[in-house]
Amino acid sequence: MIILGLETSCDETSAAVLVDGKVRSNAISSQLCHRGFGGVVPELASREHERLIVPITEAALFEANIAKKDIDVIAATAGPGLIGAVMVGLAFAQSMAWALGVPFVPINHVEAHMFSPFIDEETAGRGPEGPFISLTVSGGHTLLAIIGEDLSYRIIGRTLDDAAGEAFDKTGKMLGLPYPAGPAIDRLAKEGDPLFHRFPRALTSQSQTSKSYRDNFDFSFSGLKTSVLTWLRSQEESFIGLHRADIAASIQDAIVGVLVEKAVGAARSNNIGTIAVAGGVSANSALRQAMEEACRKHGLALFIPSATYSTDNAAMIATLAGLKLSRGHQPMRRYDTAPFASFSAAGN
Ligand code: KG4
Ligand code: ZN
């Protein structure tokens, strides 16, 4: 089965071709037009997607050596995301499916991240076996879920405020790093001392409240943000300049420490032997290393997709569509557009 997947929910325009569950191509264009604004400008993002969606789709088909007429199914991100950005990919994908006469599968972006451990080319179509804990950490979401053997899932924890990626991006901005600051903190922290300053780790065994958080799998990163801001304000500019790498490493250590404790805690208290980490923040080298060490120590199996599949990409959209279809999920056909059908029925 040949699936064309499309992803346009934020600032990556991506198209991928999946042939019988294996990634044949995964074209990604990351928008540079937001640099200088300190974040993604929604209107610019939509315009860039509109400009790039056709060439990126053509590039993915060309690289996979697949003609349009060979496509069996088209899948696209249907949310959550920047609404204008999502609409560009969704309208394009549905129009293309309509024109080619093939079914369309709408995909939830966060679910696609959750199931991205299944797209690693090495393990295509297999991925983690049995129930596993999914830690999904991106710019907009932070959640822990138990995914069952039938791939149904139950969310057991989520952030109460900021997402982990947002914590990286906002604290990095305070350090004067360019957007998105996550990768920049990762690089800078390699030369720094993570024990230089201890930033707070909310809702963990190391938080300063007396309450036990052993079986609480929610996250909170807004306190860390405030703590970094007030601490930086209390320091001399020259001192900050001298210790930027140490500060970056200390911030990273606080975020990574929370993520590892919660993920391992969730696996242990639910008696589950496998953890999968996904989403943009799973590209973080310190998180990868700390998760590997913790999983080794506790005898847990670990799945983390390669960095290309951690951040936004269309291979995860096509893969989740394939997983759903192989489990009997019914795709949409053009005449399945329920709201319009009932509207016209009411009119008759
Ligand atoms: O999954 P993603 O590409 O988009 C969303 O769905 O949000 O995640 C983007 C987030 C950003 O916050 C970015 O700073 C973070 O992932 N990120 C990283 C790294 N690479 C991307 N954070 C820390 N270390 C990295 N190496
Ligand atoms: Zn994402």
Side-chain angles (χ1 to χ4, degrees), residues 5-14 16 26 28-31 34-35 38-40 42 45 49 76-83 85-86 89 107-117 119 134-143 158-159 161-175 177-190 192 194 219 221 224-225 245 248-260 276-291 304-317 319-320:
L6 295 157
E7 156 61 34
T8 63
S9 69
C10 192
D11 57 345
E12 259 89 31
T13 314
S14 180
N26 183 39
I28 305 176
S29 171
S30 298
Q31 303 178 355
H34 309 287
R35 297 223 161 136
V40 177
H49 288 308
T77 299
L82 301 171
I83 184 67
V86 169
I107 293 292
N108 178 298
H109 179 86
V110 184
E111 286 183 3
H113 274 304
M114 279 168 67
F115 289 95
S116 61
I119 54 174
S134 163
L135 170 68
T136 303
V137 272
S138 71
H141 298 270
T142 301
L143 51 88
R158 45 165 44 106
T159 182
D161 38 57
D162 295 349
E166 208 176 340
F168 270 107
D169 295 338
K170 291 188 173 158
T171 55
K173 194 173 173 183
M174 293 171 198
L175 270 182
L177 299 172
Y179 181 88
I185 290 192
D186 192 350
R187 279 191 298 275
L188 190 57
K190 287 192 170 53
F219 303 83
F221 292 107
L224 169 68
K225 195 173 61 183
S250 302
I251 294 171
Q252 179 172 268
D253 194 57
I255 300 171
V256 167
V258 172
L259 298 177
V260 173
V277 191
V281 176
S282 70
N284 183 269
S285 57
L287 177 62
R288 285 174 174 253
Q289 196 182 333
M291 282 299 312
I304 309 185
S306 65
T308 317
Y309 301 130
S310 295
T311 46
D312 289 347
N313 67 88
M316 68 183 189
I317 305 299
T319 298
L320 181 53

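Whatever order the structure lists ligands and atoms in, that order sets their numbers, starting from 1.
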Please lay out, stage by stage, how T136 and T142 fare under the test side chain to side chain contact (heavy atoms under 4.5 Å, CB included). CA-CA 6 Å; T136 303; T142 301; over 6 Å; no

Check whether any N, O or S atom of H113, backbone or side chain, sits closer than 2.8 Å to the Zn ion (ligand 2).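 H113 does place an N, O or S atom closer than 2.8 Å to the Zn ion (ligand 2).
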
Is the Zn ion (ligand 2) under 2.8 Å from any N, O or S atom of C10?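 False for C10.
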
Any idea which part of H109 is under 4.0 Å from ligand 1, heavy-atom wise: side chain, backbone, both or neither?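 Just the side chain.
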
Of the backbone atoms (N, CA, C, O) and the side-chain heavy atoms from C-beta on, which set of N284 has a member under 4.0 Å from an atom of ligand 1: side chain, backbone, both, or neither?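 For N284, the contact with ligand 1 is made by both the backbone and the side chain.
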
Determine yes or no for a side-chain-to-main-chain donor-acceptor pair under 3.5 angstrom, with D186 supplying the side chain and A189 the backbone.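 Judged by distance alone, no pair lies under 3.5 Å.
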
So which of A163, A286, G280 gets nearest to atom 16 (O) of ligand 1, if we judge by its closest heavy atom?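 Ranked by closest heavy atom to atom 16 (O) of ligand 1, first place is G280.
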
Counting heavy atoms only, which of V256, D169, V281 is nearest atom 14 (O) of ligand 1?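 Looking at heavy atoms only, D169 sits closest to atom 14 (O) of ligand 1.
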
Could you check if a side-chain atom of [X] sits within less than 4.5 angstrom of a side-chain atom of [Y], using non-hydrogen atoms only?
{"X": "P194", "Y": "S250", "value": "no"}
{"X": "Q31", "Y": "T13", "value": "yes"}
{"X": "S9", "Y": "D312", "value": "yes"}
{"X": "L135", "Y": "L259", "value": "yes"}
{"X": "L287", "Y": "V281", "value": "yes"}
{"X": "Y309", "Y": "N26", "value": "yes"}
{"X": "D11", "Y": "S30", "value": "no"}

[atom] - nearest protein heavy atom and its distance:
{"atom": "atom 3 (O) of ligand 1", "result": "D312 N, 3.0 Å"}
{"atom": "atom 22 (N) of ligand 1", "result": "G182 CA, 3.4 Å"}
{"atom": "atom 26 (N) of ligand 1", "result": "D186 OD2, 2.9 Å"}

Closer than 4.0 Å to some heavy atom of [X] - which atoms of ligand 1 meet that?
{"X": "G139", "result": "5 (C), 7 (O), 8 (O), 9 (C), 10 (C), 12 (O)"}
{"X": "S138", "result": "1 (O), 5 (C), 6 (O), 7 (O), 8 (O)"}
{"X": "A283", "result": "20 (N), 26 (N)"}
{"X": "G165", "result": "12 (O)"}
{"X": "H113", "result": "1 (O), 6 (O)"}
{"X": "P180", "result": "14 (O)"}
{"X": "G140", "result": "7 (O)"}

Between F221 and F219, how do the two ring planes meet: parallel, tilted or perpendicular, split at 30° and 60°?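 F221 vs F219 ring planes: parallel.
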
Can you confirm whether R288 is buried at CZ, in the sense that more than 12 heavy atoms of other residues, nucleotides or ligands lie under 6.0 Å from that atom?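 For R288, atom CZ is crowded (more than 12 foreign heavy atoms under 6.0 Å).
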
Using only N, O or S atoms, tell me which atom of D312 is closest to the Zn ion (ligand 2).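 Closest N, O or S atom of D312 to the Zn ion (ligand 2): OD1.
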
Looking at ligand 1, would C10 count as a contact under a 4.0 Å heavy-atom criterion?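 Outside the 4.0 Å threshold, so no.
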
